[in-house]
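Bear in mind the structure is a predicted one, so any value in this text is a computation, not a measurement. Indexing begins at 1, ligand by ligand and atom by atom, following the structure's order.
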Amino acid sequence: MGDLRIVHPITVPSGRVPATDVVPALQGLVNAVVAAAEANGTRDGKSISCRKGCGACCRQLVPVSRTEGERLLALVKTLPGERRERLGERFAAAEAIIGQAGLADHAGRSDRELSLAYFALGIPCPFLDDESCSIHPDRPLVCREYLVTSPAELCAGPSQEGVTPVAVPKVSMAARGLQGESDDWFPLALLMKWGKTRPRSDRRRTGPEWVQSFLKNIAAK
Ligand code: SF4
């Protein structure tokens, strides 16, 4: 991938499974790409400034694919009732703010325009607890790809001026369209709203077939 050479073993179910079952394998693959990019990007002595307890970037728009959305909805269902309730309140609050700002529908806006308008709303990700990710091992692929070497305080600035992200290939985008749907995504903060109207599918393929599709999507993006 670009300057990076990634050698990474992938273990997936051999039987026919829903796409959500291969998400852990895709997370491992993205982790491997990020680790290689991090090693590459810090060769000149720069170090990653992202730290536990800094959740500035968790107020950005986090685009999530359908497959990841389904996996996250299943994860939320397994959480204790109290935590689910708290999450439900946070998602409802985020949904209201996004709706009032007219950002629930992202059609017709450039990515940059949408990202800045969203960030200006200052909505903390509903999964953010005490400025740390409460679902860190299960966080979306795109969250794994965001690392910076610039001072952490710059990430909280309204225009992100001076922020220096590590150049990480955006492998997460290959999860879009994995189930043959249109190449769509939604903001993570609208997960619950999306969950109520999401297109249903019982499509099953073998684990290796899902991974091959993902790899083909990487090449096509
Ligand atoms: S899922 Fe976790 S890492 Fe991603 S934006 Fe939310 S709190 Fe941050």
Checklist entry - Would R59 and E131 pass as an ion pair if we require N to O under 4.0 Å? => result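 Yes, this pair counts.
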Checklist entry - With the threshold set at 4.0 Å, does a side-chain nitrogen-carboxylate oxygen contact exist between R86 and D129? => result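 Between D129 and R86 there is a salt bridge, with a charged N closer than 4.0 Å to a carboxylate O.
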Item to check | 2.8 Å cut-off met by an N, O or S atom of C57 to atom 4 (Fe) of ligand 1 | outcome: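 Looking at C57, which is the residue asked about, there is no N, O or S atom under 2.8 Å from atom 4 (Fe) of ligand 1.
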Checklist entry - Name the one of H8, E145, K170 that satisfies side chain to side chain contact (heavy atoms under 4.5 Å, CB included) with V30? => result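 With V30 as partner, side chain to side chain contact (heavy atoms under 4.5 Å, CB included) holds for just one option, E145.
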What's the shortest distance from [atom] to any protein heavy atom, and which residue and atom give it?
atom                    : value
atom 2 (Fe) of ligand 1 : C133 SG, 2.4 Å
atom 4 (Fe) of ligand 1 : C143 SG, 2.4 Å
atom 8 (Fe) of ligand 1 : C58 SG, 2.3 Å
atom 1 (S) of ligand 1  : P140 CD, 3.6 Å
atom 6 (Fe) of ligand 1 : C125 SG, 2.4 Å

Next on the checklist: Can you tell me how the ring of W194 sits relative to the ring of F186, calling it parallel under 30°, perpendicular over 60° and tilted otherwise?
Outcome noted: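 Parallel, since the angle between the ring planes stays under 30°.
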Checklist entry - Just which atoms of ligand 1 are under 4.0 Å from any heavy atom in V62? => result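 Taking each heavy atom of V62 in turn, ligand 1 has 5 (S) under 4.0 Å.
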Item to check | Numbered atoms of ligand 1 (with element) below 4.0 Å of L188, judged on heavy atoms | outcome: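 Going through ligand 1 atom by atom, the ones under 4.0 Å from L188 are 1 (S), 6 (Fe).
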Next on the checklist: Looking only at side-chain N and O atoms, does R176 offer a donor or acceptor that is under 3.5 Å from a partner on N217?
Outcome noted: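 Judged by distance alone, the side chains do not pair up.
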Next on the checklist: Testing the 3.5 Å rule here: is there a donor-acceptor pair between the side chains of Q179 and T67?
Outcome noted: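 Result is yes, a qualifying pair exists.
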